[in-house]
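These numbers were taken from a predicted model, which means no experiment stands behind them. Note that ligands are numbered from 1 as they come in the structure, with each ligand's atoms numbered from 1 the same way. Worth knowing before you read on, the calculation uses all heavy atoms, side chains too, and leaves out hydrogens, waters and symmetry mates.
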Amino acid sequence: MRQHHRTLRLLGSLLLVAAGAGVTAAAPARAAAPTPLDRVVPAPAAVHPGGSPYRITRGTHIRVDGSREARRVGEYLADLLRPSTGYRLPVTAHGDGGIRLRLTKGVSGPEGYRLDSSHRHLTISAGSPAGLFHGVQTLRQLLPPAVEKDSVQPGPWLVAGGTIEDAPRYGWRGAMLDVARHFLTVEEVKRYVDRLALYKFNKLHLHLSDDQGWRIAVDSWPRLAAYGGSTEVGGGPGGSYTKAQYREIVRYAASRHLEVVPEIDMPGHTHAALASYAELNCDGVAPPLYTGTEVGFSSLCVDKEVTYDFVDDVVREIAALTPGRHLHIGGDEAHSTSHADYVRFMDRVQPIVAKYGKTVVGWHQLTGAAPAEGALAQYWGLDGTSAEEKAQVARAARGGTGLILSPADRIYLDMKYTEDTPLGLSWAGYVEVRRSYDWDPGAYLPDVPASAVRGVEAPLWTETVENSAHVDYLAFPRLPGVAELGWSPAATHDWEDYRVRLAAQGPRWDALGIGYYRSPQVPWPAA
Ligand code: ACM
């Protein structure tokens, strides 16, 4: 046994030397060098390579400390590894050796982790279950792409030796799915959640209502889902989540350490609600359902008291389904609401959100009203957004409003990559992979203190998106770049280095069945 370990260690070092020198190893393919510790997206904060690799074998156990949370992460890891390795990988609180998951104090921050790899152990330590979970995602990326397959693969399953110490730059690393323009099923949303987890995202923002559809059951206003959810862009059947289905999304996201941030957009983008209830309209007449793609034509009736009863009921029911802190009230493109009415509306609606225990998030137009204490504004402007509008956002940020950055000409995932992209829109321009990655959230908006920036979020609007294949094609390969902007220290930001790490993800996406855009800016390995 000892002899075996020494040989393995020696072989590992030789392979590392060979890989470092750019030599093609003469060894058989089965003994390929493990992925270098820094070949991970998002880039870890600190990497210290060295020592012999760890190898997962038929005899490997996953050792967890006694906590239920660590066991849950251990079971998740075992479920990830079993199909492709074909190993049993028992999860146990007893014994030593193997893959060890440890909840320990003193590992940096609420989501940080440390990964130590050597020939005897692979240890992930973290101060929280979320940190352990993110460490598991790093381990996953250090294993060969074939680990993602759902049938038994030959291996070997080596993890390079050394240490990673890692923690995120920002606490908000979000992705938004618009399930209103085209409805996406619970299974499709879960699939996206799993994509997000691989890159350490921690917020799933669901855009649950818009002109074309209302997608969540509200018991006190049942026609919202039953009628307002009955179509979508292009006139398809639409759909909506029952409360049980929505809870299932929330539970699944939580199991991947993502907070679901529900959005009910108001006072604009409300045509589906206005079509469902005549009394919500200023003229008392319900318009027909809408299946086009114009924006800015609908508004709740700011002068009617029933509007605030409606908002109170909806916010109460959605808040009750939401274990997370945040509730998004939209507020964008309220072009059919006067400025004075918009301010009045937000003055009444924000306290309702607070009454039900939630923190307001709004699109950055909210900064044109009076953002509530602690509110977050989501910036979705572009290079061409007016200086006044940017200054208004900056003033709010200096006054204490936190910012989530979603610049449309950088990280709106529904923008086409080039004029030839078969899906997507182009009102914010074409957004190739480099443009999407190559900016700094901490220094993006003038006169905004860096501390006001709480993170980044990549919205995916679905006017042209009808299913998971469409989602994947627009999200990949841009989505991992957003993850890196949100997670990695600014000092690691480097396009030339990133494009190589990103290229290495391609075979992983192939193994996962993700159909992605093969951007010519990225040196993908030959298929
Ligand atoms: C938006 O794109 N209307 C937020």
Who passes side-chain contact (heavy atoms from CB on, under 4.5 Å) against Y417, sequence neighbours left out?
-> T421, Y473, L474, P477, R478, Y517
By side chain to side chain donor-acceptor pair (under 3.5 Å), T401 pairs with (sequence neighbours left out) none
The side chain to side chain contact (heavy atoms under 4.5 Å, CB included) partner of H269 among I264, L300, D211 is D211
Of all pairs that satisfy side chain to side chain donor-acceptor pair (under 3.5 Å), the ones with a partner from residues 342-353, not counting sequence neighbours = D303-R344, E305-R348, D341-R344
Ligand 1: which protein N/O atoms lie under 3.5 Å from its N/O atoms?
residue	atom	partner	partner atom	Å
ligand 1	2 (O)	Y412	OH	2.6
ligand 1	3 (N)	D332	OD2	2.7
ligand 1	3 (N)	E333	OE1	3.0

Cation-pi check, K190 onto Y252 ring (under 6.0 Å, within 45° of axis) | yes
Looking just at side-chain N and O atoms, do Q365 and W380 make a donor-acceptor pair shorter than 3.5 Å?
-> yes
